[in-house]
2 protein chains.
Amino acid sequence: MFSQSEENYIKTIYHLEADFKKGISTNAIAKKLDTKASSVTDMIKKLSEKDVVTYKKYQGVTLTDFGKKTAANIVRKHRLWEVFLVDKLNFSWDEVHEVAEQLEHIKSPKLINELDAFLEYPKRDPHGDPIPDKEGNLQIIEKSLLSTLKENEIGVCVGVDDSSSEFLRFLDKQGVALGKQIKVVEKEPFDGSLVIEMDGKTLSVSNKIASNLYIQKSR
Amino acid sequence: MFSQSEENYIKTIYHLEADFKKGISTNAIAKKLDTKASSVTDMIKKLSEKDVVTYKKYQGVTLTDFGKKTAANIVRKHRLWEVFLVDKLNFSWDEVHEVAEQLEHIKSPKLINELDAFLEYPKRDPHGDPIPDKEGNLQIIEKSLLSTLKENEIGVCVGVDDSSSEFLRFLDKQGVALGKQIKVVEKEPFDGSLVIEMDGKTLSVSNKIASNLYIQKSR
DNA sequence: ATATATTTTTAGACTAACCTAAAAATATAT
DNA sequence: ATATATTTTTAGGTTAGTCTAAAAATATAT
């Protein structure tokens with residue numbers, strides 16, 4: 001059984017590994033968790049004692065298989081709770097993170113399995129991120145950043161890269177949501193902005209937006 | 001904002017005051033929380049600093065109005081989560097306590113208000129205990145222990161005194177549940193047992209059972 | 001009313017999780 | 001390749017919440 005703090009470290013390392021492969025640095029973890037590198041070193045030693053990570057001094061850490069499974073389970077809980085909050089309790093997708101951060105630490109296998117069933121086994125959370133199954137596996141979706149699509153390509157919005165409140169609220173305002181079909185009408189080479197078609201309407205999005213929206217290409 | 005530990009103390013004092021009025025002893029709290037009296041003294045000092053309790057050395061503690069409201073809010077959360085677990089996630093009434101003990105510490109006013117609405121503003125938890133409203137008020141129900149009913153009196157089962165798993169599972173086995181109508185057919189003065197009628201069937205219950213079941217008398 | 005028992009508080013220590021500051025190792029730049 | 005900068009670890013300290021053991025206060029019994 002892990003403490004909330006241990007779980008937060010495990011989850012953070014998991015997310016960093018997804019982005020940067022192996023050997024996550026002390027500093028990277030400290031930055032994500034808004035803590036000091038020295039605190040991270042302390043915790044890493046404990047997690048390595050518990051066989052959650054492999055660690056050699058000055059070489060960064062890597063999750064063991066056990067650590068990966070543990071992490072996936074925390075992420076599973078986090079994302080299932082997010083679905084619950086949005087689907088059942090009228091939260092919007094920019095409001096769920098903070099509460100899910102707390103709920104993910106609740107310890108009860110029955111709770112999470114029943115919740116999964118109650119939500120009818122969702123495959124994605126409200127931001128489009130996949131929900132790991134009980135074994136910790138998560139289905140990968142071939143998604144591309146909107147900014148990488150070519151003119152006339154069509155796809156469906158399946159996720160966001162930046163999930164900050166500001167960005168999500170901006171998307172809401174523009175009418176962008178998961179599942180929306182988007183067609184690239186025109187790409188502006190000068191500033192990387194693009195003209196898209198959505199809901200039969202035409203609008204222009206900046207490169208910054210297009211670099212944070214994931215699209216699953218049609219065909 | 002209170003820590004989980006502080007919240008557990010506040011809640012415990014609240015429950016003890018409901019049973020024994022004012023001036024809850026250090027030892028009583030220690031017993032309930034399965035901790036040592038010296039730890040309780042430490043925590044009491046902190047809670048009194050924070051104006052949650054009034055405390056004079058060796059005189060026990062009493063919740064302030066602020067403390068009562070805080071406590072009621074924790075109890076509200078606990079009981080709403082219990083309803084959720086039983087009504088939506090197929091938990092039985094003897095399984096909910098442990099998980100609700102964790103869920104009650106989640107901090108999010110929106111979460112609890114939306115949960116309340118989602119559950120359609122329940123008035124009682126699965127054990128028949130009233131759920132405090134947002135202001136911390138809880139409706140009182142005139143309930144009597146089954147053992148205090150007279151022959152031929154009729155009532156509805158509205159709660160349990162002892163809510164241990166063993167007792168609740170025993171009640172399940174006997175078909176006893178909240179809302180069941182019960183009529184006292186005969187009282188046995190010798191051992192305090194009584195013969196009751198429920199669901200059209202006649203059965204005998206021991207005094208121990210009858211002293212732990214609350215009945216709301218009809219008329 | 002005094003002795004004895006019980007309860008409560010104090011004093012001092014422990015652990016988890018954090019911190020700061022300094023030392024050690026590694027990386028970078030000329 | 002050596003000097004400099006950066007990263008990481010170590011050493012030692014802090015706080016919340018717990019503990020044990022002893023001291024102080026209160027309660028009980030004769």
Side-chain angles (χ1 to χ4, degrees), chain A residues 1-14 16-17 19-63 67 70-71 74 101-102 104-105 107, chain B residues 1-13 16-17 19-63 67 70-71 74 101-102 104-107:
Chain A
M1 205 97 310
F2 296 100
S3 71
Q4 292 204 185
S5 187
E6 289 171 328
E7 289 192 347
N8 285 335
Y9 277 89
I10 294 168
K11 194 184 53 164
T12 300
I13 297 167
Y14 180 79
L16 287 170
E17 279 193 357
D19 295 346
F20 307 109
K21 304 285 173 190
K22 315 247 146 170
I24 303 305
S25 78
T26 308
N27 252 1
I29 298 167
K31 199 156 288 169
K32 279 272 181 189
L33 286 173
D34 193 27
T35 183
K36 297 294 142 112
S38 53
S39 307
V40 175
T41 303
D42 282 355
M43 181 59 91
I44 275 171
K45 281 181 186 163
K46 195 161 38 130
L47 292 179
S48 125
E49 285 292 306
K50 293 188 177 188
D51 292 315
V52 173
V53 298
T54 53
Y55 166 61
K56 279 222 271 327
K57 277 190 194 175
Y58 298 98
Q59 305 310 132
V61 300
T62 305
L63 287 172
T70 304
I74 300 165
E101 285 286 298
Q102 298 179 59
E104 72 188 5
H105 300 296
K107 279 156 184 72
Chain B
M1 204 96 311
F2 296 101
S3 70
Q4 292 205 184
S5 186
E6 288 172 328
E7 288 192 347
N8 285 334
Y9 277 90
I10 295 168
K11 194 184 55 163
T12 299
I13 297 166
L16 287 169
E17 278 191 356
D19 295 344
F20 307 109
K21 304 284 173 193
K22 317 241 148 173
I24 304 303
S25 78
T26 306
N27 251 0
I29 298 167
K31 199 157 290 170
K32 280 271 182 191
L33 286 173
D34 192 27
T35 183
K36 296 294 142 103
S38 54
S39 307
V40 175
T41 302
D42 283 354
M43 181 59 91
I44 276 171
K45 281 181 186 161
K46 192 158 44 128
L47 292 178
S48 122
E49 284 293 306
K50 294 189 177 185
D51 291 315
V52 173
V53 299
T54 55
Y55 166 61
K56 282 222 274 317
K57 277 189 196 175
Y58 298 99
Q59 305 309 131
V61 300
T62 305
L63 287 171
T70 303
I74 301 165
E101 286 285 299
Q102 299 179 61
E104 72 187 4
H105 300 297
I106 303 292
K107 279 155 183 74

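Treat the numbers as computed from the prediction; the structure is a model and nothing was measured.
- Of all nucleotides present, only D:dG17 satisfies the Watson-Crick or G-U wobble test against C:dC14, with each distance under 3.5 Å.
- Taking only side-chain nitrogens and oxygens, B:Lys45 never comes nearer than 4.0 Å to OP1 or OP2 of C:dT9.
- For the pair A:Val53 and A:Ile24, the minimum side-chain heavy-atom distance is 4.5 Å or more.
- Rounded to an integer number of Å, the gap from CD of A:Glu49 to C1' of C:dA16 is 15 Å.
- Atom CD1 of A:Ile44 is separated from atom C1' of D:dT10 by 14 Å (rounded to the nearest Å).
- For B:Asp42 and C:dA13, the CG to C1' distance is 12 Å, given to the nearest whole Å.
- Contact check for B:Ile74 versus B:Phe2: no side-chain heavy atoms found under the 4.5 Å cut-off.
- Counting only heavy atoms from C-beta outward, the side chains of B:Val61 and B:Tyr9 never approach each other to under 4.5 Å.
- Nearest-nucleotide mapping onto DNA chain C: of A:Tyr9 and B:Gln59, the residue sitting toward the 5' end is B:Gln59.
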Write out a two-atom table: protein N or O, nucleotide N or O from nucleotides 1-6 of chain C, distance below 3.5 Å.
none

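- The side chain of A:Tyr58 approaches C:dT26 more closely than any other nucleotide in the set C:dT26, C:dC19, D:dT18.
- A:Lys56 comes within contact range of no nucleotide atom at all, as no heavy-atom separation falls under 4.0 Å.
- A:Thr41 contributes no side-chain N or O that forms a donor-acceptor pair with the base of D:dT10 under 3.5 Å.
- For the side-chain contact (heavy atoms from CB on, under 4.5 Å) criterion with A:Leu33, the lone passing option out of A:Asn8, A:Ile13, A:Val40 is A:Asn8.
- The closest side-chain heavy-atom distance from A:Lys31 to A:Asn27 is not below 4.5 Å.
- Put simply, CG on A:Asn8 is 17 Å from P on C:dA16, counting in whole angstrom units.
- Close to C:dT9, at under 4.0 Å from its OP1 or OP2, lies a side-chain N or O of B:Tyr55.
- Within the 3.5 Å criterion, the main-chain N or O of A:Gly23 finds a donor-acceptor partner in the side chain of A:Thr62.
- Residue B:Ser5 places no side-chain N or O under 4.0 Å from the OP1 or OP2 atom of D:dA16.
- Here A:Lys57 reaches the OP1 or OP2 of D:dT10: one of its side-chain N or O atoms lies under 4.0 Å away.
- C:dA16 atom P lies 18 Å from atom CD of B:Gln4, rounded to whole Å.
- Residues A:Lys11 and A:His105 have side chains not in contact (no heavy-atom distance under 4.5 Å, counting atoms from C-beta outward).
- Remark: D:dA29 base-pairs with C:dT2. Criterion, Watson-Crick or G-U wobble with two distances under 3.5 Å.
- Note on residues 47-61 of chain A: pairs passing salt bridge (charged side-chain N to carboxylate O under 4.0 Å, His left out), not counting sequence neighbours, are A:Glu6-A:Lys50.
- Scanning both residues, B:Met43 and B:Ser5, for their nearest heavy atoms gives CE-OG, 3.5 Å.
- A donor-acceptor contact under 3.5 Å is not formed by the side chain of B:Ser38 with the base of C:dT8.
- Counting to the nearest Å, the C1' atom of C:dA16 and the CG atom of A:Leu47 are 13 Å from each other.
- Across every strand in view, C:dT7 sits in a pair with D:dA24 that passes the Watson-Crick or G-U test at under 3.5 angstrom.
- The two atoms that bring A:Tyr55 and A:Ser48 nearest to each other are CB-CB, 4.0 Å, heavy atoms only.
- Of all the residues in residues 28-37 of chain A, A:Thr35, A:Lys36 reach under 4.0 Å from DNA chain C with at least one non-hydrogen atom.
- B:Ser39 comes within 4.0 angstrom of a base, heavy atoms only.
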